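Below is one structure; the comments refer to it alone.
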Amino acid sequence: MDIEKITSSKINISVEYYDDKHKLLLNDTSRYDKVFIDNMNKIVSKGIVITGAEFLINSLFFKKALNQKNILKEMI
């Protein structure tokens, strides 16, 4: 697999709320400002495009976080 091809590619991600409770929570003006709410609703309605590089970087941090949680569980 060509890493340069992956990192320069575009990935379309669709986003949905978990349920109506989640939607109400993320649209609560007492918790979030209007800019956040508007941006969140835009992403939910249209999706978001990221690069392959952004996806890989996020995946690395997510995997690292999971590994750290597993290490902590083993220590307890």
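Please read all numbers here as calculations on a predicted model, not as lab measurements. Position 1 is the first residue of the sequence, and the numbers go up from there. Side-chain atoms are counted along with the backbone in the values below, which use heavy atoms only and exclude waters and symmetry mates.
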Self-check item: Residues forming a side chain to side chain donor-acceptor pair (under 3.5 Å) with Lys10, sequence neighbours excluded
Solution: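 Lys10 satisfies side chain to side chain donor-acceptor pair (under 3.5 Å) with no other residue.
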Practice problem: Please identify each residue that fulfils side chain to side chain donor-acceptor pair (under 3.5 Å) with Thr7, with sequence neighbours left out. | Solution: none
Quiz item: So how far is it from Asp2 CG to Ser9 OG, rounded to the nearest 0.5 Å?
Solution: 10.5 Å
Quiz prompt | Listed partners of Ile13 passing side-chain contact (heavy atoms from CB on, under 4.5 Å), at least two apart | solution = Ile11, Val15, Ile48, Ile50
Quiz prompt | Hydrophobic cluster membership, Ile37 vs Leu25, 4.5 Å side-chain cutoff | solution = no
Quiz prompt | ring pair (Phe, Tyr, Trp, His ring centres under 6.0 Å) partners of Phe55, counting only residues at least two apart | solution = none
Quiz item: For residues 35-50, which residue pairs qualify under salt bridge (Lys or Arg N to Asp or Glu O under 4.0 Å), counting only residues two or more places apart or in two chains?
Solution: Lys34-Asp38
Quiz prompt | Pairwise side-chain hydrogen bond (donor to acceptor under 3.5 Å, both in side chains) hits with a residue in residues 18-31, at least two apart | solution = Tyr17-Asn27, Asn27-Asn41, Asp28-Ser30
Practice problem: Write out all pairs satisfying ring pair (Phe, Tyr, Trp, His ring centres under 6.0 Å) with one or both partners inside residues 32-52, taking only residues at least two apart or from two chains. | Solution: Tyr32-Phe36
Exercise. For residues Asn39 and Val35, determine if any side-chain heavy atom of one lies less than 4.5 Å from a side-chain heavy atom of the other.
Key: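 Sidechains of Val35 and Asn39: in contact.
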